[in-house]
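First up is the structure itself, then whatever we jot down about it.
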Amino acid sequence: MMAGARLSLALLCLVASALAGGAGARKMVGVYVLRKGDFSVKVTNWGATIMSVVLPDSKGNLADVVLGKDTIAEYVNDTSYFGPVNGRVAQRIARGRFVLDGKVYHTYINDGKNAIHGGHRGFSKVIWTVKEYVGGGDSPHITLYYRSFDGEQGFPGDLDAYVTYQLSSPYVLAVRMNATALNKATPVNFLQHTYWNLGGHGSGDVLGHTLQLSASRYTPLDEELLPSSGVVAPVAGTPYDFRSPTPIGARIRQVMGGRIAGYDINYVIDGDGMRKVAAARDGASGRALELWANQPAMQLYTGNWLNNTKGKDGKVYGQYGAFCLETQGYVDAVNHPEFPSMTVRPGQVYKHDMVFKFSF
């Protein structure tokens, strides 16, 4: 069977399974555009995924600054996590195991010996329900909902999850993620996994982009990208120091993201509450991005494993062809009591807010 046919069949099967529960369970996969002037964002309810972000450069030329795929069918089989919301617990869980309130839980292992991004059918691989959609006007937005059931991918309790994407002027994208535990305590850690290239997707690597992070500490990760030591270390004097604007490529060959050169590391963000986390700029286009968020940590990933990866619009993505700014809880916090807890108890609400401010 040809690759395109296999992808289409996979999508049809997923839609069919969503319809199997009857009219009340009906979920269809769609593509939704939020537009405000010459600023637009395309979203699909497959994985609550950002498919594109289009905005001008300093000369008024429009470009899509997000890596991705052409069709929903291609997102179904995507293994690079282009643009979705990851959960119930994003990032890695050592050996897919944790203890909560004295009970041992085993989650789906899908990254060597460990679990990553919620398991093989995490929140990036499900159909979300569109609760509200306004494509234009003063406040274009879309709100997506997913009910995660007790035992899904090994996690305890039913969980109501919501994600809202909203545009505002000038050139601001807000992302609001929240979840309520309904009947059991459960760990929760959502992560928005968009790949950014401010020069335009497929325009080359991002090694010349300058990056500044509001992070004076980080959690060293081992070869499996786990914080096995539990140490929180200062970035001063290391290649991880981005407290001043620095080209992403300046020291990238000095660090290892697991078994490959590049950044794939968890930073501890200075301060609390909603505050500036990161700023990036592409000198050639003049486009810049500023990220504000309310989470304690952020994973910086520099597309280390992109390797002539087929993208949208006929583009091919090479190594370091983008960067991800993944605000989150501490990696593997479920197995490290010294890290801030990510446990949400019945009736409690998990809130994760991000604001991307673009300029050019």
Side-chain angles (χ1 to χ4, degrees), residues 27-55 62-69 72 75 78 81-87 90 117-118 122-148 160-180 188-198 201 274 277-278 287 289-295 298 312 322 324-328 349-359:
K27 293 182 184 179
M28 296 299 292
V29 177
V31 176
Y32 304 85
V33 178
L34 308 177
R35 189 181 306 278
K36 196 169 182 66
D38 56 5
F39 180 41
S40 65
V41 174
K42 186 184 297 183
V43 174
T44 175
N45 59 321
W46 173 258
T49 298
I50 293 178
M51 300 177 70
S52 71
V53 174
V54 175
L55 71 154
L62 295 177
D64 181 358
V65 297
V66 164
L67 276 60
K69 299 290 188 177
I72 302 301
Y75 279 100
D78 170 46
Y81 298 99
F82 283 127
V85 169
N86 292 324
H117 295 331
F123 288 5
S124 64
K125 295 295 184 184
V126 298
I127 303 172
W128 294 61
T129 298
V130 179
K131 301 295 285 186
E132 188 173 8
Y133 169 55
V134 178
D138 292 335
S139 182
H141 64 277
I142 185 168
T143 296
L144 305 169
Y145 165 76
Y146 179 66
R147 164 67 64 86
S148 180
D160 277 347
Y162 291 86
V163 177
T164 296
Y165 296 111
Q166 183 174 11
L167 305 190
S168 61
S169 285
Y171 303 100
V172 174
L173 167 63
V175 183
R176 295 189 297 274
M177 298 175 274
N178 63 73
T180 303
V188 178
N189 183 38
F190 292 177
L191 181 157
Q192 215 298 324
H193 206 287
T194 291
Y195 287 70
W196 302 98
N197 184 325
L198 297 175
H201 80 101
M274 199 69 177
V277 171
R287 293 190 189 91
L289 173 160
E290 193 174 278
L291 170 61
W292 290 61
N294 66 348
Q295 293 300 291
M298 187 204 78
K312 58 192 173 184
C324 303
L325 304 172
E326 309 164 14
T327 54
Q328 60 184 8
V349 180
Y350 164 88
K351 294 184 178 181
H352 183 166
D353 296 327
M354 308 173 74
V355 176
F356 296 93
K357 302 178 181 181
F358 300 94
S359 58

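Given the structure is predicted, the values throughout are model-derived calculations rather than measurements.
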Calculate, to the nearest 0.5 Å, the distance between atoms CG and CE belonging to Leu173 and Met354 respectively. 9.0 Å
If you look at every heavy atom in Leu191 and Ala90, which pair is closest and at what distance? CB-CB, 3.4 Å
Sorted by chain and number, sequence neighbours left out, ring pair (Phe, Tyr, Trp, His ring centres under 6.0 Å) with His201 holds for Tyr317
Atom of Ser40, atom of Arg35 and distance for their closest heavy-atom approach: CB-NH1, 3.8 Å
Counting the benzene-type ring for Trp, do Trp292 and Phe356 have ring centres under 6.0 Å apart? no
For the atom pair CD1 (Ile72) and OG1 (Thr49), what is the distance rounded to the nearest 0.5 Å? 7.5 Å
Nearest atoms (heavy-atom pairs only) where Ala161 meets Phe123: CB-CE2, 4.1 Å
NZ/NE/NH1/NH2 to OD/OE distance under 4.0 Å, Lys312 and Asp64: yes
Is Tyr81 close to His117 at the side-chain level, that is, under 4.5 Å between some pair of heavy atoms? yes
Of all heavy-atom pairs linking Leu289 and Leu198, the shortest is N-CD1, 4.0 Å
To the nearest 0.5 Å, how far apart are CG in Leu291 and CH2 in Trp196? 9.0 Å
Can you measure from CD (Gln295) to NZ (Lys351) and round to the nearest 0.5 angstrom? 12.0 Å
Return yes if a side-chain donor-acceptor contact under 3.5 Å exists between Ser124 and His193, otherwise no. no
Which residues share a ring pair (Phe, Tyr, Trp, His ring centres under 6.0 Å) with Phe39, sequence neighbours left out: Tyr171, Phe358
Rounded to the nearest 0.5 Å, what separates atom CD1 in Ile142 from atom CG in Asn45? 7.0 Å
Are the charged groups of Arg176 and Asp353 less than 4.0 angstrom apart, N to O? no
Lys69 NZ/CZ over Tyr75 ring centroid, <6.0 Å and within 45° of normal: no
How many angstroms lie between atom OH of Tyr162 and atom OG1 of Thr180, to the nearest 0.5 angstrom? 7.5 Å
Under 3.5 Å, is there a donor-acceptor pair between the Thr143 and Thr164 side chains? yes
Under 3.5 Å, is there a donor-acceptor pair between the Gln166 and Ser168 side chains? no
Check the orientation of Trp128 and Tyr146. Use parallel for under 30°, tilted for 30 to 60°, and perpendicular for over 60°. tilted
